[in-house]
Amino acid sequence: MASVKAKPNLLPQDIATLNVNELNPLTPYVISRQATINIGTIGHVAHGKSTVVKAISGVQTVRFTSEFKRNITIKLGYANAKIFKCDNQECPRPGCYKSYRSNTEDSPNCERPGCGGKMHLLRHVSFVDCPGHDVLMATMLNGAAVMDAALLLIAGNESCPQPQTSEHIAAIEIMNLKNIIILQNKIDLVKEAAAQEQYGQILKFIQGTIAEGCPIIPISAQMKYNIDVICEYIVKKIPIPPRDFTSDPRMIVIRSFDVNKPGSRVDELKGGVAGGSILKGVLKIGDEIEVRPGVISKELDGKMKCSPIFSKIVSLFAEENELQYAVPGGLIGVGTKIDPTLCRADRLVGQVLGSVGKLPEIFTTLEVNFFLLRRLLGVKSEGDKQNKVKKLSKDDTLMVNIGSTSTGCRVIAVKHDLAKLALLTPVCTQEGEKIALSRRVDKNWRLIGWGEIQRGMSEKA
Amino acid sequence: MNKTDKYFENKRKCMFQEWYPTFKQVTFSSTIIPLPKIFIDYLNSDHFVSNEQEFPQYRNDDPEFLDDESWSTPRRSTIVDSKYYQSYGSDSDSDSDDSDDSNDDDKKKNSRIIKESEFQHLLDEIKSIITKYGGYVLPKLNWSAPKDATFMNAFCTLKCSTPTDVFLLLKSSDFINHDLAQFETNEQDDDLTITPYVLVLRKWQNLTESMEFRCFVKDKKLLGISQRDTSTYYSFLKDKKESIQESIESFFNQNIKDKFSQDSYTFDAYVTKENKVWLIDFNPIHPSTDSLLFDWEEFFPELIVDDEESTPISEQDKLKLIQDLEFRLIENREGIRPNLAMESRLPMDLKDSSQSSAINDLLEKFKDKLQ
């Protein structure tokens, strides 16, 4: 791979002339460098999910081994891709559509022999592995659509529906995704008649579901067949999502690290890096920022203390591309002046980064209105006492998920369907937010119910 | 003893208490506490409560908030399906479905209720070790540290300053569960019987993740070194690669090679800014050990089992056997990658959605509130 600095063909971004009111998810200065549309990829790993993402984005996905086996499970993360169309009117569709990696220059030459056209950048999308449990949890808790569209993958060499497929459709429904493209993958492995038959099965299957009427594209990710059709559909069928670029910026931190060489001199030390997805607003280099709840420490008297972090943005990047400003879409890295040791090993995960003084409050204790399930999820047998969800009682230790944060809590008091929870780590949130409650059952964290924050108590100043 | 695990002997030799006495000089200060059966029962039990004095507390100026007298009026904006959700009568705390919860399964192994005061001696010992190490320790059992449970720690790390901090992490971790499944404890044994399990408390070190490396040894030969944090690109590592490799190689030759009881294993090493190498711990050649930037097949093709699920693989697709030391780093800056280990921060019901029907169920039951 070439040096990361060499990006002469990306459009320069200039904060001095930036007017956030004029930005939209197609602004060339934005999509030259970062993704603005999030597309969930839904499907069984064995159906070739990672091959599809690789075929479109060129990004190799991470492999994880759990057993001494070949063809080990492949877990996906995020992968960004630029989608182009050839500007030569004579260039036939769908071949005039093409996708390249996120760091590709904005007007590469058309690859069609003898075409001579230039490719024109139309979209910059971020593929996110779905249901991606964090995404699902966040959606369930907040009801907000994290994804703008979904690619639903079905293996062309198996009958439809496979058991997972209906679950995937259910996940799409809960994520409230209206823009779906179904991919009939591995089409190279079956005869045309079989593919036709499966096409009929799919049509029948999606009738009456949220996916009814969505396009179905036969593809072979392996042979790179019809990838151009996917690109054309992404451009033509997925509407440009409305985005809030003008509010005070807010980002959920999903990674944080210290990238310094040990023993670096103070003057060459780089500040901590936080990575995450921007919910709203625009982050700019030079912005003064706050991270909440910040640093947790223990006082001499044994009491815990939390101190929000105040700092400044010194760099921004999306995949390999350096940015001057970042908008919602994909994952963004934020270089700061924060003491790097505070960012080590994902210590800031779940925290919120945004403009100074504009973030929600930090609560150390919550009062919640909660709803407990009668039984654990996914348990069919009614008689099994073990699967009954026990009531909450004082001193119970639980796991709570609040937005993208997970922490432990102790139940201080319960009255009817109200409970007071002492949090292990303070959380930056607000009244009315939803939380999920889990308890250790058979040595696993199991979802037992959810709640809504009635009021929260902040730390004494 | 775990009979179904054919790699168990190798695994056993990698237990902390097996190797620590030999390698004391080259690893971080640690204390080993043999664990009595009562503590293993405590860890295995679903009963999970925290007492008020020990649970981390923040300063507050509203004592009323913390009592059980003052309550707000619920907004009642949400109505849920009583088929799935417990109901709460206004004047009765009990729910018919729930009335018989407490007694009938008491005898079950994982519902035994054990108070921390029942192992006071252990508690005191942990306290004095924490003091000895300057106030903060990192806990682990025979093999694993509860790295997956950092959400159950106020600092979001493995840094513990009280016995409660230690227990919160241990009881929340699936990695610890994995360790606890390796030996059977005898139900009939007395509570104070010492089990094969140990609690290890190591002096807390604020390590730089970029300088941790996993090293793969086959037949006493160092064959592979991998960056341990595989989700991050550290630009400076490329230039230090040679010196890190040299340091690890000489550390291996001088301190590990002829001293460890096994011929094939992995060990984790930490390299300081002065290129001094510290041993972190040993891991077995086992499917449960993460091979990071390598494939097990590259070192031990003989261990690979092809089953029905795996598609046949042609000779040329087979990975090349590594015969000389190879050092792998993440070499491209590819931007922010999610940390996949973060999955442990979610309830199991959401983790394996593609495999079970739990997700359908969940979606069904949560629907009410989304409307």
Side-chain angles (χ1 to χ4, degrees), chain A residues 1 4 65 67-68 70-71 75 77 131 133 140 143 164 167 170 174 255 257 259 261-263 275 296 303-304 319-320 331 333 345-347 364 369 371-372 374 377-378 390-391 395 397 406-408 410 412-413 415-418 424-425 438 440-441 443-447 454-455 457 459-460, chain B residues 46 48-50 55-62 65-66 68 71-72 74 80 85-86 88 97-98 101 151-152 154-156 177 208-209 211 232 234 236 273 287 291 296 303-304 310 313 332-333 335-340 345-350 353-354 356 358-363 366 370:
Chain A
M1 170 117 0
V4 284
T65 330
E67 280 167 273
F68 287 128
R70 275 189 205 94
N71 296 318
K75 289 195 179 188
H133 320 293
M140 286 195 320
Q164 311 89 5
E167 273 153 35
I174 199 104
R255 296 297 314 266
F257 17 66
V259 295
K261 180 163 104 181
I296 315 296
K303 285 266 202 292
M304 305 301 293
E319 287 203 354
E320 294 162 63
L331 288 182
D346 284 329
R347 244 159 258 184
T364 59
N369 181 195
F371 306 92
L372 286 193
R374 287 183 183 275
L377 293 170
K390 285 186 186 164
K391 286 181 175 307
D395 292 347
T397 310
S406 309
T407 187
R410 190 179 75 85
I412 307 172
K415 187 189 178 196
H416 307 313
D417 53 356
L418 291 174
L424 203 48
T425 312
S438 304
R440 210 71 178 154
V441 180
K443 311 182 85 185
N444 287 304
W445 287 108
R446 299 297 301 270
L447 206 55
Q454 296 294 306
R455 51 182 185 142
M457 187 177 69
E459 195 179 17
K460 183 179 179 176
Chain B
D46 280 346
F48 193 4
V49 301
S50 313
F55 196 82
Q57 282 176 4
Y58 295 83
R59 254 172 254 285
N60 74 81
D61 46 8
D62 183 10
F65 196 104
L66 302 176
D68 51 8
W71 295 90
S72 55
V80 292
Y85 289 93
Q86 299 180 19
Y88 299 86
D97 209 35
D98 218 63
D101 293 325
F151 66 88
M152 256 298 169
F155 308 109
C156 293
N177 277 348
T208 314
E209 268 191 312
M211 296 306 279
T232 313
Y234 296 101
F236 68 87
K273 58 181 185 231
S291 55
W296 281 118
L303 296 178
I304 305 295
S310 42
I313 197 160
N332 300 315
R333 169 169 149 184
I336 302 291
R337 312 256 114 211
N339 182 348
L340 298 167
R345 297 169 169 250
L346 293 170
M348 190 188 84
D349 312 77
L350 286 184
S353 58
S354 62
S356 76
I359 194 96
N360 266 342
D361 207 22
L362 180 84
L363 303 176
F366 269 78
L370 287 174

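Computed from heavy atoms alone, side chains included, the values below leave out hydrogens, waters and symmetry copies.
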Between [X] and [Y], which heavy-atom pair has the shortest distance, and what is it?
X        : Y        : value
B:Thr232 : A:Arg255 : OG1-NH2, 3.6 Å
B:Gln86  : A:Lys391 : OE1-CG, 4.1 Å
A:Pro262 : B:Met211 : CG-CG, 3.2 Å
A:Leu424 : B:Pro56  : CD1-CG, 3.5 Å
B:Ser72  : A:Gln454 : OG-CB, 3.6 Å
B:Glu209 : A:Ala345 : OE1-CA, 3.2 Å

(request) Look at B:Phe236, B:Tyr234, B:Phe65 and state which one has the largest set of heavy-atom pairs under 4.5 Å with chain A. (result)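 Counting heavy-atom pairs under 4.5 Å, the top option is B:Phe65.
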
(message) I want to check something: taking the side chain as every heavy atom from C-beta on, are B:Phe55 and A:Met304 in contact at a cut-off of under 4.5 Å?
(response)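 Side-chain contact under 4.5 Å: no.
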
(request) May I ask you to test the A:Ile296-B:Tyr58 pair for a side-chain heavy-atom distance under 4.5 Å? (result)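 Yes. Closest side-chain heavy atoms under 4.5 Å.
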
(message) Within this structure, what is the CG-CH2 distance for the pair A:Asp417 and B:Trp71, rounded to the nearest 0.5 Å?
(response)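 Between atom CG of A:Asp417 and atom CH2 of B:Trp71 there are 10.0 Å.
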
(request) Give the member of A:Asp395, A:Thr364, A:Thr425, A:Asn444 that has the highest number of heavy-atom pairs under 4.5 Å with chain B. (result)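 When all of A:Asp395, A:Thr364, A:Thr425, A:Asn444 are compared, A:Asp395 has the most.
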
(request) Can you sort out the partners of A:Lys303 under side chain to side chain contact (heavy atoms under 4.5 Å, CB included), two or more places apart, ordered by chain and number? (result)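 For A:Lys303, the residues satisfying side chain to side chain contact (heavy atoms under 4.5 Å, CB included) (neighbours in sequence not counted) are A:Asp301, B:Gln57, B:Arg59.
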
(request) Mind telling me whether A:Trp445 and B:Phe48 have parallel, tilted or perpendicular rings, with 30° and 60° as the class edges? (result)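 Answer is tilted, since the angle falls between 30° and 60°.
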
(message) Which residues pass the salt bridge (charged side-chain N to carboxylate O under 4.0 Å, His left out) test with A:Arg440, not counting sequence neighbours?
(response)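 For A:Arg440 the salt bridge (charged side-chain N to carboxylate O under 4.0 Å, His left out) partners, ignoring immediate neighbours, are B:Asp174.
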
(message) Keeping A:Thr397 on the side-chain end and B:Ser50 on the backbone end, is there a donor-acceptor pair under 3.5 Å?
(response)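 Present.
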
(message) So does A:Met457 get a backbone contact from the side chain of B:Asn60, meaning a donor-acceptor N/O pair under 3.5 Å?
(response)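 Not confirmed, B:Asn60 side chain does not pair with A:Met457 backbone.
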
(request) Please state whether the side chain, the backbone, both or neither of A:Leu418 comes within less than 4.5 Å of a heavy atom of chain B. (result)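 Contact with chain B: backbone and side chain both.
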
(message) So for B:Met152, is it side chain, backbone, both, or neither that comes closer than 4.5 Å to the heavy atoms of chain A?
(response)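 For B:Met152, heavy atoms of backbone and side chain both lie under 4.5 Å from chain A.
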
